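Comments concern the structure below.
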Amino acid sequence: ALDDVLARDHFVYFRPWKMLRTYLDDELLAQAITAVTARSQNREFAEALVDLTPHLSGRLLAQALAATVDISDEDLREVVLRALAPHLPEDLLPSAFTAAEALSDPDDTATVLAALAPRLCSDLPRQAMHVISGSSDARALLAVRLAPRLTAEHLSDVLAEIPTIHGDYRRLHVLTALAPHLPPELMHMALAKATSMTDSQPRAKAVAGLAPYLPADLISTALAAAIADDWDSTALVGLAPYLPADLMPQALAAASALTSDKSRAAALAGLAKFLPAGLLPQAFDTVPHGTSPLAQHFWKEHRQCCRWWP
């Protein structure tokens with residue numbers, strides 16, 4: 001079967017290596033890798049490297065990486081490098097890093113370095129951030145993967161570039177992924193980037209995503225941003241567990257003033273679990289009895305509140 005596969009130049013409907021790989025012993029695997037790497041410019045045989053990679057070790061991984069570096073099609077080279085990344089031994093990581101750096105598309109470089117990120121040691125994570133230039137999206141993707149190992153200076157640089165990332169939902173992803181790793185002194189900048197988004201939904205989600213990590217002195221700023229949005233309850237609900245008692249009346253008033261019945265019900269339900277006992281009647285008085293859309297939404301969102309209903 002192996003001889004038949006190696007005799008072909010292309011495969012029309014399937015990738016036979018996925019079926020063969022579990023049946024190849026070390027000798028046959030070495031034979032397959034030698035044949036495949038000799039024809040790695042052929043897309044099907046380059047894809048064979050991807051299929052065989054989880055079964056390689058030692059010398060065969062080095063052989064596969066050397067063949068990958070020589071693939072002329074950069075898109076294909078990126079795919080194979082990304083597949084090899086989790087399996088490479090430590091002594092091959094610098095070579096893989098150099099191969100990623102040599103890719104001309106910064107997005108491809110970032111994707112490969114992101115795959116290598118959990119394996120990088122010493123100064124390589126910081127070097128990786130310097131490698132990516134000219135593409136804020138690519139730097140942000142890489143920063144998300146490297147965040148636990150980046151310095152405050154690098155994290156500050158990534159936050160500064162967030163407005164240049166394409167699309168508020170991408171900015172939301174980067175902010176919420178970085179949030180657990182940001183030092184307190186950078187949370188003010190992170191919150192400012194969240195509240196500067198133009199689209200209300202990702203803006204509210206970003207404020208909610210930052211809420212667990214905000215220092216106490218920024219909670220009132222975040223609440224003000226949530227109140228400024230009179231349609232979406234996401235930020236108010238996300239902030240609710242972290243609001244001090246003196247801000248609860250302000251949050252309740254904002255929830256009661258939301259223009260959407262569904263959002264108002266969700267905000268009131270989210271706040272009810274954290275309101276001081278003295279404010280609960282005011283919260284429930286906002287929700288009419290009966291079968292109004294607001295009442296239906298409220299009970300759907302927070303059925304357990306019924307034990308407090310007068």
Side-chain angles (χ1 to χ4, degrees), residues 6 15 17-18 20-22 24-151 153-155 157-158:
L6 294 176
R15 288 164 69 169
W17 304 103
K18 288 188 175 182
L20 280 177
R21 61 189 181 185
T22 55
L24 299 178
D25 59 23
D26 290 347
E27 183 179 348
L28 289 176
L29 194 57
Q31 181 184 341
I33 286 297
T34 298
V36 165
T37 54
R39 285 186 276 179
S40 58
Q41 301 297 337
N42 178 306
R43 174 170 289 273
E44 283 83 358
F45 280 89
E47 289 172 345
L49 284 174
V50 174
D51 295 336
L52 292 172
T53 287
H55 301 271
L56 303 182
S57 61
R59 178 181 60 81
L60 295 181
L61 276 171
Q63 188 176 341
L65 179 60
T68 302
V69 171
D70 289 335
I71 294 174
S72 57
D73 183 329
E74 283 208 353
D75 291 338
L76 190 56
R77 195 189 320 157
E78 180 269 330
V79 169
V80 182
L81 280 171
R82 182 157 38 90
L84 283 170
H87 306 282
L88 294 175
E90 188 173 338
D91 61 309
L92 291 179
L93 292 179
S95 298
F97 188 98
T98 302
E101 190 176 2
L103 295 168
S104 59
D105 187 331
D107 289 333
D108 287 346
T109 298
T111 302
V112 176
L113 290 178
L116 287 169
R119 315 285 314 288
L120 297 180
C121 55
S122 78
D123 290 332
L124 287 181
R126 289 181 287 278
Q127 289 179 33
M129 292 303 297
H130 289 300
V131 165
I132 308 295
S133 60
S135 173
S136 298
D137 288 31
R139 280 175 58 81
L141 165 69
L142 184 57
V144 165
R145 296 295 300 271
L146 291 173
R149 305 167 68 184
L150 292 180
T151 63
E153 181 183 358
H154 282 112
L155 290 169
D157 290 344
V158 175

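Not measured: the values here are computed from a predicted model.
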[X] [atom1] to [Y] [atom2] distance, which is reported to the nearest 0.5 Å:
X	Y	atom1	atom2	value
Leu65	Asp70	CG	CG	9.5 Å
Leu146	Thr151	CG	OG1	11.0 Å
Arg82	Leu113	CZ	CG	12.5 Å

Could you pull out the closest heavy-atom pair between [X] and [Y], with the gap in Å?
X	Y	answer
Ala143	Val158	CB-CG2, 3.6 Å
Ala96	Leu88	CB-CD1, 3.5 Å
Arg77	Leu103	NH1-CD2, 3.8 Å
Ala110	Leu142	O-CD1, 4.1 Å
Leu61	Pro89	CD1-CD, 3.8 Å
Ala100	Leu81	N-CD1, 4.3 Å

(request) Keeping the roles fixed (side chain from Glu74, backbone from Ser104), state whether a donor-acceptor pair exists under 3.5 Å. (result)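 Looks like yes, one N/O pair under 3.5 Å.
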(message) As a quick check of understanding, evaluate side chain to side chain contact (heavy atoms under 4.5 Å, CB included) for Val79 and Asp75, giving each step before the final call.
(response) CA-CA 6 Å; Val79 169; Asp75 291 338; 5.8 Å; no
